[in-house]
2 protein chains.
Amino acid sequence: MSVGIRHDDLRRRNRAMVLGAVRRAGQPSRTEIAAVTGLSNSTISAISADLIAEGILAETKGEIASLKRGRPQVAIALNAKAAAVVSVVLSLDHLSAATIGYSGEVIAQEDRRLHTLSMSEEELLRECVDVIRKVVARSPNAGPVLRIGLAVQGVTDSAARRLLWSPITPHQDIAFADRIEEAFAVPVSVENDCNMIAEALRWRDPERYRSDFIAILLSHGIGMGVMLKGKVFTGTHSSGGEFGHMIHRPGGALCRCGRHGCVEAYAGNYAIWRNANGHDENEQPVDGIGDDDIRAIAERARAAEGPERAAFRTAGEAIGYGLGNLFALIDAAPIALVGVGASAFDLMETSVRQAIAKTVGGLHSEAISFDTEANEMQLTREGSTMQALAFIDTEIFAPQTRDSELVQSSRIA
Amino acid sequence: MSVGIRHDDLRRRNRAMVLGAVRRAGQPSRTEIAAVTGLSNSTISAISADLIAEGILAETKGEIASLKRGRPQVAIALNAKAAAVVSVVLSLDHLSAATIGYSGEVIAQEDRRLHTLSMSEEELLRECVDVIRKVVARSPNAGPVLRIGLAVQGVTDSAARRLLWSPITPHQDIAFADRIEEAFAVPVSVENDCNMIAEALRWRDPERYRSDFIAILLSHGIGMGVMLKGKVFTGTHSSGGEFGHMIHRPGGALCRCGRHGCVEAYAGNYAIWRNANGHDENEQPVDGIGDDDIRAIAERARAAEGPERAAFRTAGEAIGYGLGNLFALIDAAPIALVGVGASAFDLMETSVRQAIAKTVGGLHSEAISFDTEANEMQLTREGSTMQALAFIDTEIFAPQTRDSELVQSSRIA
DNA sequence: TCTTTTTTTTCGAGCCTCGAAAAAAGTGTG
DNA sequence: CACACTTTTTTCGAGGCTCGAAAAAAAAGA
């Protein structure tokens, strides 16, 4: 069972809460923080004094032009130099890393083209360590790097330490976190890209993407990130959300994963290409259908009725039924479509909605709204960054008082 | 955002934790409670002294035959008279209510046959109020009723106050909680039966059903309760878990819900009956296929190859694909099959497993184990009871200190 | 310059948990 | 039967934390 609350937890949690409030609000005054957190002014005063003394927060001079009478509010902000994170995004043939300061500003970035499908596991790991080393070297004035977040296309384990399976590499169960921690002695997390996209959406537009929503990546494969009750929803063992491999039609079209009838086998880039070009649905999926190819097919589909348009209809139907099955479990929620497929959503929307209407999801159709955003890369990095920063807020700057440490120090004494 | 932790929350939460520990352990000593909760002996001593003084807990004399040296442990137990709950289970043509004492013992029970499908909404509500009144009247020595839990087949809202849709009645969006609260002035919850079954399984066998598992009810319809991270998983608006209405085959067999291709349209009682008797899969579903009919079909299926055996194979396939799609989202987990269909699982297991193997779920097949339990009624009541009791533990005997109250009393002063 | 207004800090009160020590309530042993 | 031993439970003081009230600070208005 879950453990009782110790007295020290109180301060710890409220510290984390203050940091979170400042991160969200930007430059709030103490009074604003008190209002948002529900804590008293005196408590906020005490906690922020601590955090300022520790160099985690800082007062920013003369930022709030009050115009009101009374003592002016003094704005508090995150100290950009208090820490830094490295956010690494690994996708097909592309590796990108950036250092980001504690207050969220990008300090340096480094991008590389590589051949992920043909690289050995060892080369891939070395390349990651190397790009991190480079980007850190180019950030001499940054605060200390206290967290490295890696976002990857594919299935990660629920502890966020390993890449279990990925379409971008033939290797399985790669221990990214262990290896990178070994190299830098900094805690590392390995997360699914779509989960990070969901995280980013919440930071970007908290109005729309509040506590329950779904991000779907329409690209070579189909990915999904689900936010439930304000938390990224993961499976019990893995990052979960294998929306693309839900079975749409038992025994149906051949999927890249070797199974038949997955949603992806109708709606992934290669599937759209395969259908638009009149190939058999059981023909082996082709690698390397780029975003440009999809855009070209979409152009032709918009121009005239034909196999291209039908291909998008088929894709929409698969997505719609998949969403309907998803909604059978978690109800409808706002949906963000991300990636190249999102730019062709006009060609799919009708069939998506028709399919949903044939499922339980149709009951809540008023709750379903679609929003599109083509640039998945940027979102992925943002989400990875914000999650790494939030980790520092809660786990490093508001740490657990460790029983084990107490035991050890009392042994020494 | 979530609100800061006030000082009073500390005691409140630790009180709830102590009550939970006692409920789970039965008759623990203070030392045992301290060990389980991680709180210190002195804290447990103080909290339990409070709870005993309030008549919520009680010391039980001479229960722990120690045989050890030293001061004997004194056992602490829930005071059976501290409170009571009424647990109501409403299913097709059947209404059942029971009063249960604070320590979990059944005090009185009342069962009724009725005709849920032909009753008016008003009659249904009246009948519920009436059966509660009766069973409470028959429990004169019980503690005060502080919570009423209603478990119903069908979709409830996520606030647990309304029955949105149910196969047992033609009426929709019935405000059970409001109506019953009006009659008894006691807080009421309305929950999905399968969610309660999941709750019950965790109390019954915490070893096997720990934090992540799935309960599936195979009956006239197909229901599901999912436990994730130790909590019943619900949708964002409703009780969620409409496993039976995930689409197995787009455009396929006609379901009771009017849609085509739902899992239920292949695996519900009426679907098995329809297939076993050689009817067309688009023939209108028949009501009133009882458990006996299914058992008879199962007998014939076990005796010889034929349409009966094929019907169970088809059902298994639908369940298997459904589970596979579910596992794509939440990973594989142990499964409990409940209801009459569970008694025919021997006829379905092979096709269930074959279907799962064709989905992403097949990856983690080692995590999939099936357990069967025919008596759904008993489980539903148990789950509803335990949830109501846990509500009293946390919400009534360890209540929030209410800001509104403080404000009001300061206004009066 | 003095008053008003608003924010922030200070200070004492009241809880809470914890560890250590004391008290309690048995068993074993000579 | 007395006394040592063991284990559980209670008591007590220390140290933290949050809170409300009061004080201090820092401006705008008169």
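Chain letters run A, B, ... following the sequence lines, proteins first and then strands; every chain starts at 1.
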How long is the line joining CG of B:Asp50 and C1' of C:dC15, in whole Å? 12 Å
From C:dT4, C:dC18, D:dT18, pick the nucleotide closest to the side chain of B:Thr43? C:dC18
Specify the separation, in whole Å, of atom CG of A:Asp9 and atom P of C:dC16. 16 Å
Can you confirm whether A:Glu199 sits close enough to A:Val232 that some side-chain heavy atom of one is under 4.5 Å from a side-chain heavy atom of the other? yes
Would you kindly give the CZ-to-P distance between B:Arg13 and C:dT17, to the nearest whole Å? 12 Å
Given the ring of A:Tyr102, does A:Arg23 sit roughly above its face, with NZ or CZ under 6.0 Å from the centre of the six-membered ring and within 45° of the axis? yes
Could a donor-acceptor pair under 3.5 angstrom be found where the side chain of A:Arg11 meets the base of D:dC17? no
Can you name the salt bridge (Lys or Arg N to Asp or Glu O under 4.0 Å) partners of B:Arg13, sequence neighbours left out? none
Considering only NZ, NE, NH1 and NH2 on the basic side and carboxylate oxygens on the acidic side, decide whether B:Glu191 and B:Arg161 come within less than 4.0 Å. no
Whole angstroms only, please: what is the CG-P distance between A:Asn14 and D:dG16? 17 Å
Protein-proximity profile, nucleotides 8-14 of chain D, B/S/- by nucleotide at the 4.0 Å heavy-atom cutoff, equals BBBB---
Spell out, as yes or no, whether a donor-acceptor pair under 3.5 Å connects the side chain of B:Arg15 to the backbone of B:Phe397. yes
Taking NZ, NE, NH1 and NH2 as the nitrogens, is one of them in A:Glu395 or A:Arg12 under 4.0 Å from a carboxylate oxygen of the other? no
